[in-house]
Each structure stands twice: as structure tokens, then as C-alpha cells.
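Below: one structure, written as C-alpha cells.
Quick note: residue numbers are just sequence positions, from 1.
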Amino acid sequence: MAFYFNDVSHTFNEYLLVPGYSSSECIPANVSLKTPLVKFKKGEQPAISLNIPLVSAIMQSVSGERLAVALAREGGVSFIYGSQSIEDEAAMVARAKNFKAGFVVSDSNLREDATMADVVALKEATGHDTMAVTDDGTANGVLLGVVTGRDYRVSRMDPATKVKDFMTPFSKLVYAKEGTSLKECNDIIWDNKLNSLPVIDEDNRLKYFVFRKDYSAHKDNPCELLDDEKRYVVGAGINTRDYAERVPALVDAGADVLCIDSSEGFSEWQKLTIDWIRAKYGDSVKVGAGNVVDKEGFRFLAEAGADFVKVGIGGGSICITRETKGIGRGQATALIDVCEARDEYFKETGIYVPVCSDGGIVHDHHMTLALAMGADFIMLGRYFARFDESPTNKISIGGTYYKEYWGEGSNRARNWQRYDLGGDKKLSFEEGVDSYVPYAGTLEDNVGISLAKVKSTMCNCGALTIPELQQKAKLTLVSATSIVEGGAHDVIQKDAATASKK
């Protein structure tokens with residue numbers, strides 16, 4: 001007969017944290033949210049760690065290149081969606097990786113016989129003011145000059161004017177030779193009051209630019225997540241069908257970490273995908289897997305070689321998998337179960353495989369609950385879809401602004417690979433909906449507020465790090481009446497009273 005779990009399947013909203021002793025050191029300013037993104041051996045450090053425990057969902061309506069940059073700037077990672085062509089996804093990754101770096105390969109290049117009209121068109125295409133003028137119009141041609149917004153005025157110049165007639169020529173440029181350190185380049189920028197500094201090789205071929213604003217941006221964003229070359233850390237989604245073509249393209253584009261995007265990960269398809277990656281790249285390519293909801297699923301993916309394991313089926317706000325297929329598990333119960341399996345696996349093998357809680361986050365305090373229950377980091381869809389940086393349209397409905405938000409299993413996304421069971425290349429039925437979410441402004445402002453709440457709650461529990469929270473946290477189940485008690489009740493709120501008078 002079928003196996004029956006004895007425990008009830010619970011969600012985050014059915015739990016509260018009980019305060020613990022807080023020392024005078026337990027203030028939000030002292031809290032560290034650093035957490036491992038990929039597996040590591042006992043006594044070693046993970047190859048990639050997050051500075052905040054947030055990653056964005058592998059969804060068309062969430063994770064584009066703008067959000068990847070914005071989230072990495074705050075210390076998290078975005079997994080650019082894989083339900084697009086291999087070429088388009090790789091291009092998104094490349095653009096996000098090259099958006100900011102200590103040494104930036106120029107993406108805005110011209111020949112000296114180009115016109116001011118070409119300059120204007122290039123600026124519109126790339127959004128960048130600084131343009132290299134090279135002998136062949138490429139990023140690595142012989143540097144002849146530089147064009148910036150200070151070199152021309154659209155309203156006063158003929159669009160047919162040649163670039164060579166208004167560019168700053170090489171003879172007047174301050175530049176650095178290849179091999180000059182980033183610190184030295186920044187010193188040159190400050191000493192000469194420059195906005196940018198070209199770096200050339202011995203043959204005067206352009207190699208990079210170093211920008212003043214990058215230095216300032218780093219100072220303003222101390223938690224930003226960078227790779228060894230000072231580029232933003234970027235993730236990307238893959239599937240279990242075209243990995244042999246998609247993975248190499250994403251690796252070449254610079255993706256730092258991959259994740260298999262699937263509604264259910266306890267399957268041989270995921271093992272075959274990981275096996276192929278390990279055979280071709282060894283452990284150099286990091287890849288997460290999932291989703292699972294119990295100990296068996298975690299153990300399977302950990303032994304298959306996953307670098308992290310995602311937990312959650314049917315808990316997302318736009319996911320109707322439980323409704324359509326009757327499969328899944330309450331997110332809190334699933335997370336607690338899987339995190340116990342992770343700890344058991346670590347004790348047995350000395351290998352720590354991080355757990356990602358994916359779905360079920362409705363309120364900011366659910367983030368802290370997920371971390372306390374054992375999650376190393378949290379994957380969010382609806383939360384990030386609300387922001388300016390998500391790739392969807394902002395629309396006005398009844399005078400209120402919303403952002404579009406749709407599931408990968410919806411008719412709009414038609415991401416059949418995510419729900420692939422080895423059949424026809426199509427969706428037989430929908431497992432996601434097409435919807436709207438209230439517009440919330442910028443990612444930076446909202447993430448700051450959410451994490452301030454997380455840090456405050458951690459201090460209430462006497463914890464200054466995520467592992468310490470997981471060790472010290474005390475959790476209690478709450479009744480339906482207790483949930484009502486936890487909100488405003490038995491009062492007339494001012495906004496409602498004011499509205500009734502009108």
C-alpha cells in the first residue's frame with residue numbers, strides 16, 4: 001500500500017519564531033548574511049558564497065539581465081531564465097557579466113569614418129556614452145581616439161559630421177598600458193580627473209576601459225557580489241533536454257553557476273544532466289538541481305553531484321501544480337525535512353550541500369523563518385517581479401500600477417522543458433497562471449527593507465549569522481486564531497476611518 005507521512009504538511013504562515021536571549025552585541029549592524037551558494041568539504045570554503053541569502057527565480061517574468069545586475073549589486077545572484085534560445089540566454093549572461101568590471105571590454109566601438117548619426121545610434125543601442133574609435137571599429141583594434149558626450153552636440157552639429165573631426169584623438173588621451181593594476185588605473189583616473197581610462201597593449205590595440213563610476217559604485221555597494229575579475233556574479237538556468245548545447249554556450253558567456261530548472265527533480269533526467277557536466281567540466285562548472293520535497297529526493301541529487309539542492313513543489317504564488325496534479329508538499333515541512341537530510345549527509349560524508357528554499361514566501365518574515373528552518377538561501381519569483389528591474393511591463397489598472405507576472409508552466413511561457421517527462425515537446429496542460437503583482441519600485445530599496453527585518457529578527461533570536469540562527473532558533477506552530485491575533489485587530493485603523501468620512 002502507499003506510504004503515508006504521519007506529520008501534517010505545513011506552510012511558513014503556520015509558524016512563529018520565539019525570541020531567545022540577545023546580548024548587547026546583537027544589533028542589526030553586526031549581523032552577517034553571508035551564506036554558501038555551492039557545496040564544499042568540511043574545513044574548506046565554498047567556491048561561491050552569497051553576501052545576502054537571496055536569489056531570483058528562473059523565470060521569464062523575473063530574471064533578465066537588468067535584474068541580474070541589480071541583485072548582484074546587493075550581494076545576491078539572479079538565475080537568468082532558460083526558456084529562450086541558447087543564443088539569447090548566452091547573450092543575456094554576457095551582457096550582465098560585462099556590465100561592470102574593473103577592466104571592461106568596450107562594447108561601443110566605431111571607425112573614424114563613422115558619422116555623428118552613427119554615434120547617436122550606438123548610444124541608443126548600448127546606453128553608453130564612452131565610445132572607442134579604432135582602426136577597424138572593433139573592441140581590440142588600434143586605438144585612434146575616444147568619443148564621449150562632451151565631444152559633440154546633436155543640436156548644433158550636422159549628423160553627417162565624421163567622427164575623426166570631433167573625437168578626442170589618441171595624442172590627447174591619457175591611457176595605461178596592459179599590465180597596469182586596477183588600483184594604479186584608478187589612481188591615474190583620480191590624478192587626471194578622468195571619467196574613463198583606456199588600457200592598450202604594446203601595439204596600441206585597445207584592451208579595456210576602466211571607469212571612475214565603477215569605483216564609486218563599489219564604494220556605494222559594499223555587499224556587491226563580484227568574481228575574481230571584479231565582474232558581477234551571474235547564474236543561468238538550464239534544462240534536461242539541450243544541456244549538451246546550452247551549457248557550453250553559457251559557460252563561454254561567463255555564467256558563474258547553473259541551475260537545472262525543473263518542477264520536480266527526483267528523476268534520472270537530472271542525474272544524466274549532472275553526469276554530462278561532470279564528465280565534460282569536472283567540478284569547475286557549478287550546477288544546482290531540484291526541486292525536491294523530502295529526504296530521499298535530496299539524497300538522490302546530492303549523490304548525483306549537485307552543488308546545491310532546491311526545495312519546493314507547488315508553493316509559488318503563480319504555481320498550480322498541486323491544484324492540477326495533486327502533488328507537492330507544504331513548503332515549511334518540506335524544507336525542514338530536506339535540511340535534516342542535508343545535515344545527515346554532511347555528518348556522513350563531510351560534504352555540505354546548500355539547500356535553497358524555492359517558493360512559499362508571502363511576507364518578509366517568511367524569509368527569516370525559511371533561514372531558521374535550515375535554508376542556506378531563498379529563491380524568489382513574485383518578490384522580484386514587482387521591481388523596476390524585472391523584464392516585464394508596468395501597467396496602470398484603475399489608477400494603481402502593477403507589473404506582469406506569469407509562471408513558467410503557464411500558457412504564456414510554455415516552458416515545456418521545465419515539466420519534461422520525456423514526451424512530446426509541448427505543454428499538455430498548464431501548471432502556472434498569468435497574473436499581475438503590485439508594482440513596488442526599485443530592487444535596491446525593497447531588498448534593503450526586507451533584509452533589515454531579517455537582521456532585526458535574527459537579533460531577537462540572539463543570532464548574528466545564519467548558521468547561528470539555525471542553531472538557536474525556537475519555532476512554534478500557531479493556530480488560526482493566533483494568526484488573526486498577530487495582525488491588527490479590534491481597532492478601527494485611521495485610513496479606514498478617514499475613508500468612511502469621505
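Residues Asn195 and Arg212 are in side-chain contact: their nearest non-hydrogen atoms beyond the backbone lie under 4.5 Å apart. Residues Asp256 and Arg231 have side chains not in contact (no heavy-atom distance under 4.5 Å, counting atoms from C-beta outward). No side-chain heavy atom of Ile466 sits less than 4.5 Å from a side-chain heavy atom of Phe377. No side-chain heavy atom of Met373 sits less than 4.5 Å from a side-chain heavy atom of Cys339. Side-chain contact check for Met367 versus Leu380: some heavy-atom pair is nearer than 4.5 Å. In this structure, the side chains of Val362 and Thr11 stay at 4.5 Å or more apart for every pair of heavy atoms. Val257 has its side chain within reach of Ile48: a pair of non-hydrogen atoms, C-beta onward, lies under 4.5 Å apart. Using a 4.5 Å cut-off on side-chain heavy atoms (C-beta onward), Asn221 and Glu74 make contact.
By the salt bridge (charged side-chain N to carboxylate O under 4.0 Å, His left out) test, Glu178 is found to be paired with no residue, residues two or more places apart in sequence or in another chain being considered. Listed by chain and residue number, Arg95 satisfy the salt bridge (charged side-chain N to carboxylate O under 4.0 Å, His left out) test with Glu65 (two or more places apart in sequence, or in another chain). In this structure Glu296 satisfies the side chain to side chain contact (heavy atoms under 4.5 Å, CB included) test together with Phe266, Asp294, sequence neighbours excluded. Every side chain to side chain contact (heavy atoms under 4.5 Å, CB included) that Val293 has, sequence neighbours left out, goes to Ile313, Arg329, Ala334. Looking at residues two or more places apart in sequence or on another chain, you find a salt bridge (charged side-chain N to carboxylate O under 4.0 Å, His left out) between Lys271 and Asp275.
A side-chain donor-acceptor contact under 3.5 Å links Thr138 and Asp136. No side-chain N or O of Tyr345 forms a donor-acceptor pair with one of Arg299 less than 3.5 Å apart.
No donor-acceptor distance shorter than 3.5 angstrom exists from the side chain of Arg73 to the backbone of Tyr232, with no hydrogens or angles considered. Under the 3.5 Å distance criterion, the side-chain polar atoms of Ser196 are left unmatched by any main-chain donor or acceptor of Phe211. Looking only at distances, a side-chain donor or acceptor of Asp201 sits under 3.5 Å from a matching main-chain atom of Asp203. Counting only distance, with no hydrogens or angles, the side chain of Glu389 and the backbone of Leu443 share a donor-acceptor pair below 3.5 Å. Distance alone, capped at 3.5 Å, places no donor-acceptor pair between the Ser390 side chain and the Arg386 backbone. Between the side chain of Ser22 and the backbone N or O of Cys459, at least one donor-acceptor pair lies under 3.5 Å. Distance alone, capped at 3.5 Å, is enough to place a donor-acceptor pair between the Asn51 side chain and the Cys223 backbone. Remark: the backbone N or O of Thr333 is not paired with any side-chain donor or acceptor of Asp337 at under 3.5 angstrom. Of the possible donor and acceptor atoms, one in the side chain of Glu89 sits under 3.5 Å from a partner among the backbone N and O of Gly237. Between the Asp227 side chain and the Val233 main chain, no donor and acceptor come within less than 3.5 Å of each other.
Between Phe387 and Tyr383, the ring-plane angle classifies as perpendicular under the 30° and 60° cut-offs. Relative ring orientation between His366 and Phe12 is described as tilted, the plane-to-plane angle lying within the 30° to 60° band.
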Audit row: Asp388, Thr442, side-chain hydrogen bond (donor to acceptor under 3.5 Å, both in side chains) steps and yes/no: CA-CA 5 Å; Asp388 284 321; Thr442 66; 5.4 Å; no
Do Asp107 and Asn98 pass the side chain to side chain contact (heavy atoms under 4.5 Å, CB included) test, and can you show the C-alpha distance, the side-chain angles, and the key distance before you say yes or no? CA-CA 9 Å; Asp107 70 348; Asn98 291 325; over 6 Å; no
Does Ser61 form a side-chain hydrogen bond (donor to acceptor under 3.5 Å, both in side chains) with Thr392? I'd like the steps, not just the answer. CA-CA 6 Å; Ser61 56; Thr392 63; over 6 Å; no
Give the C-alpha distance, both sets of side-chain angles, the deciding distance and a yes or no for side chain to side chain contact (heavy atoms under 4.5 Å, CB included) between Val292 and Phe300. CA-CA 10 Å; Val292 297; Phe300 172 79; over 6 Å; no
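Closest of all the heavy-atom pairs between Thr180 and Cys185 is CG2-SG, 3.8 Å. Closest non-hydrogen pair, Ala96 versus Val234, comes out as CB-CG2, 3.8 Å. Here the shortest heavy-atom pairing between Ser83 and Gln60 reads OG-NE2, 3.0 Å. Of all the heavy atoms in Ala289 and Ile274, the pair that sits closest is CB-CD1, 4.1 Å.
Using a cut-off of 4.0 Å between Lys/Arg side-chain N and Asp/Glu carboxylate O, Glu340 and Lys295 are scored as salt-bridged.
Here the OG-CZ distance, from Ser284 to Arg278, works out to 8.0 Å after rounding to the nearest 0.5 Å.
Counting only residues at least two apart or in different chains, side chain to side chain donor-acceptor pair (under 3.5 Å) contacts with residues 29-48 are absent.
At least one cation-pi condition fails for Arg342 and Phe346: the charged atom is not both under 6.0 angstrom from the six-membered ring centre and inside a 45 degree cone around its axis.
Atom OH of Tyr281 sits in a crowded spot, with more than 12 heavy atoms from other residues, nucleotides or ligands closer than 6.0 Å. Other residues, nucleotides and ligands place no more than 12 heavy atoms under 6.0 Å from the CD atom of Glu268. The number of heavy atoms from other shown groups lying within 6.0 Å of OH (Tyr439) is above 12. A 6.0 Å sphere centred on NZ of Lys280 holds no more than 12 heavy atoms belonging to other residues, nucleotides or ligands.
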